[in-house]
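These notes concern the structure reproduced below.
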Amino acid sequence: MSWTRGVLAVLAVCVLLLTGSAGCGSGDVGEPEAGDSATPVGKLLDATDEEGRRYREVAAEHAPEVGIEVQPEADDSWDVRLTVRDFRFSSNGTEAKAVAGRGVAHLFLDGDLLTRLRGPQYRLAADLVPRGTHQVTVRLYADDDTVWAVDGEPVESTADITASEAEPTGATQPEEIEGRTVTEPAADR
């Protein structure tokens, strides 16, 4: 009879050791080391983005992906559409912790942060895009403000856009006929 109590006691100790309940927090194998994430989602790197947010490295096969398409609109604004894979946008008020494949997107114009997106669409106002060629970049972030990264590079996508001022055409330019200015379209003359 006494041998069954001994076996039960040994089993209880084994269960405590396996579940980590008996650990004291002094160098246990399961504790994160410096540079590791306290959560099981990826590994925190020393590399940071322009705003000092650390990169969270994940394996390529588990990494989120993002694409960007920017189209001009009739009112000179720009329609920005994102396509994501293995990624969900978090709603406002989401807990600030990294969860695999979840977070927000940051939208940049020529390297300057424009906005944080919680969905795949954005209207870029015309007055934000002066004449010339510009880069619109989207980068994915976890809810704890770390940058999703693969092979030390942020998960992002960039599109080039070119904004031009409206130039008058020959049909709408004022013409001078016999010393006077005519402003009606050429087709109406």
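Positions are given from 1 along the sequence.
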Taken in chain and number order and not counting sequence neighbours, the residues that satisfy side-chain hydrogen bond (donor to acceptor under 3.5 Å, both in side chains) with Thr158 are Thr137
Who are the side-chain hydrogen bond (donor to acceptor under 3.5 Å, both in side chains) partners of Gln121, not counting sequence neighbours?
none
By salt bridge (Lys or Arg N to Asp or Glu O under 4.0 Å), which residues pair with Asp79, not counting sequence neighbours?
Arg81
Contacts of type side-chain hydrogen bond (donor to acceptor under 3.5 Å, both in side chains), residue Arg102, not counting sequence neighbours
Ser90, Asp143
Donor-acceptor contact present, side-chain Glu57 to main-chain Gly152, <3.5 Å:
yes
Tyr55 and Asp49, any side-chain heavy atoms less than 4.5 Å apart:
yes
What pairs with Glu156 under salt bridge (Lys or Arg N to Asp or Glu O under 4.0 Å), at least two apart in sequence or on another chain?
Arg139
For Tyr141, give me all partners under ring pair (Phe, Tyr, Trp, His ring centres under 6.0 Å), at least two apart in sequence or on another chain.
His106
With sequence neighbours excluded, tell me which residues meet ring pair (Phe, Tyr, Trp, His ring centres under 6.0 Å) with Phe87.
Phe89
Once salt bridge (Lys or Arg N to Asp or Glu O under 4.0 Å) is applied, do any residues pair with Asp110, and if so which ones, sequence neighbours excluded?
none
Sorted by first residue and then second, give each side-chain hydrogen bond (donor to acceptor under 3.5 Å, both in side chains) pair with at least one member in residues 62-74; sequence neighbours left out.
Glu65-Arg85, Glu69-Gln71
Rounded to the nearest 0.5 Å, what separation is found between the CD atom of Glu61 and the CG atom of Asp86?
10.5 Å
side-chain contact (heavy atoms from CB on, under 4.5 Å) partners of Ala159, counting only residues at least two apart:
Ile68, Val70
Suppose we screen for salt bridge (Lys or Arg N to Asp or Glu O under 4.0 Å). Which residues come up paired with Glu95, at least two apart in sequence or across chains?
none
Who passes side-chain hydrogen bond (donor to acceptor under 3.5 Å, both in side chains) against Asp75, sequence neighbours left out?
Ser77
